[in-house]
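First up is the structure itself, then whatever we jot down about it.
Numbers restart at 1 for each chain; the letters A, B, ... are given by sequence-line order, proteins then strands.
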Protein chains: 2
Amino acid sequence: MTKTHDDIDSPLLERCREKGLKMTGQRRVIAYVLSEADDHPDVEELYRRAIVIDPKISVATVYRTVRIFEERGILQRRNFGTGRARYEATDHGQHYHLIDVESGKVEEFHDKELDALLQKIAERMGYDLVTTRLEIYGRTGKARA
Amino acid sequence: MTKTHDDIDSPLLERCREKGLKMTGQRRVIAYVLSEADDHPDVEELYRRAIVIDPKISVATVYRTVRIFEERGILQRRNFGTGRARYEATDHGQHYHLIDVESGKVEEFHDKELDALLQKIAERMGYDLVTTRLEIYGRTGKARA
DNA sequence: GTAAGTGCAAAGCCTTTGCCACCGT
DNA sequence: ACGGTGGCAAAGGCTTTGCACTTAC
């Protein structure tokens with residue numbers, strides 16, 4: 001074969017190396033899957049995508065890996081109200097979520113003014129801002145109240 | 001005795017009646033506990049507080065009750081990242097949360113400027129704002145990085 | 001070579017539920 | 001009286017973990 005899962009490279013892989021993580025085949029695959037994802041997959045979904053590339057990965061490893069990645073700041077865990085945790089790479093930059101209450105669709109957005117305001121609020125309350133989590137739940141303005 | 005748990009009244013009790021809920025002794029107690037709470041108790045904590053008033057309440061009832069209250073819009077469920085759901089009465093009005101990442105302490109805050117900005121963002125993205133959820137995670141600025 | 005990572009299955013934690021007795025309206 | 005409600009304990013869903021084997025450095 002020309003390319004095995006041991007050759008998979010990805011932006012996240014580099015970040016893992018920087019953190020000094022031992023890069024096993026499984027972690028490469030999971031890092032790759034996460035790098036490719038432009039949505040917010042949960043563990044089960046990550047597992048599904050990972051075993052396509054390497055069927056020998058177990059879901060326990062996915063759990064262990066996302067936990068480690070999260071602790072190292074490579075991933076962020078999200079809770080959109082469904083019992084399961086969902087993940088996204090932190091290198092997407094700081095952003096917020098707007099969720100369509102009717103369709104469940106999640107849109108990401110950025111807003112400098114908001115960044116600054118949240119920073120200011122944290123300071124005013126005597127804290128160093130570590131991270132924020134903001135979700136706007138909205139209904140598309142097409143219909144009446 | 002002068003007062004049993006069947007006599008307990010509370011602001012939430014009235015809201016429950018409005019919704020047509022059958023008000024059992026257990027529900028009165030839970031409504032009372034929730035009305036008194038100025039924090040964000042989880043089910044276990046609600047249970048602890050409830051059994052002080054009526055030791056015959058079971059935790060299953062607490063789970064069932066918060067679920068019903070939530071469906072009726074009397075309560076809001078929150079997920080601050082600790083596996084357990086936490087609850088607060090909706091009549092506290094719109095507010096946001098600042099969470100101390102070290103102690104887990106939760107502070108509520110209000111901010112008109114933030115209200116307006118979120119409203120503006122939703123509009124700009126073509127949505128009618130239904131609700132928002134914002135948590136600032138911070139570290140108290142007492143120590144260095 | 002060695003410490004760390006992985007698989008598997010069992011265990012854990014929070015939450016829900018089946019069943020039957022009980023109680024509010 | 002009737003239908004919703006509560007208690008208990010068992011079941012469920014997601015996540016973690018103990019153990020023995022494998023692997024990256």
N-O pairing of A:Asp39 and A:Arg49 below 4.0 Å = yes
Find which nucleotide of DNA chain C each of B:Ala85 and B:Arg17 is nearest to by heavy atoms, and output the residue with the more 5' nucleotide.
-> B:Ala85
Atom CD1 of B:Ile57 to atom C1' of C:dC23: distance rounded to whole Å?
-> 15 Å
OP1, OP2 of C:dT6 versus side-chain N and O of A:Thr24: anything below 4.0 Å?
-> yes
Atom CD of B:Glu71 to atom C1' of C:dT15: distance rounded to whole Å?
-> 14 Å
Select from B:Arg27 and B:Ala60 the residue whose nearest nucleotide in DNA chain D is closer to the 5' end of that strand.
-> B:Arg27
Residues B:Arg48, B:Glu45: salt bridge by 4.0 Å N-O rule = yes
Provide, to the nearest angstrom, the distance between the CZ atom belonging to B:Arg28 and the C1' atom belonging to D:dG6.
-> 16 Å
A:Arg67 CZ to C:dG12 C1', straight-line distance once rounded to whole Å = 13 Å
Nearest listed nucleotide, side chain of A:Ser58, among C:dA3, D:dG7, C:dG7 | C:dG7
Ranking A:Arg64 and B:Gly83 by the position along DNA chain C of their nearest nucleotide, the one closer to 5' is A:Arg64
To the nearest Å, how far apart are B:Tyr63 OH and D:dA10 P?
-> 17 Å
May I have the distance from A:Gln26 (atom CD) to D:dT23 (atom P), rounded to whole angstrom?
-> 9 Å
Is it true that the side chains of B:Glu107 and A:Tyr127 contain a donor and an acceptor less than 3.5 Å apart?
-> yes
Pair B:Phe80 + B:His97: ring centers closer than 6.0 Å = yes
Starting at atom CD1 of A:Ile68, determine the distance to atom P of D:dT15, rounded to an integer number of angstrom.
-> 16 Å
Length of the CZ-C1' vector between A:Arg72 and C:dA4, whole Å | 11 Å
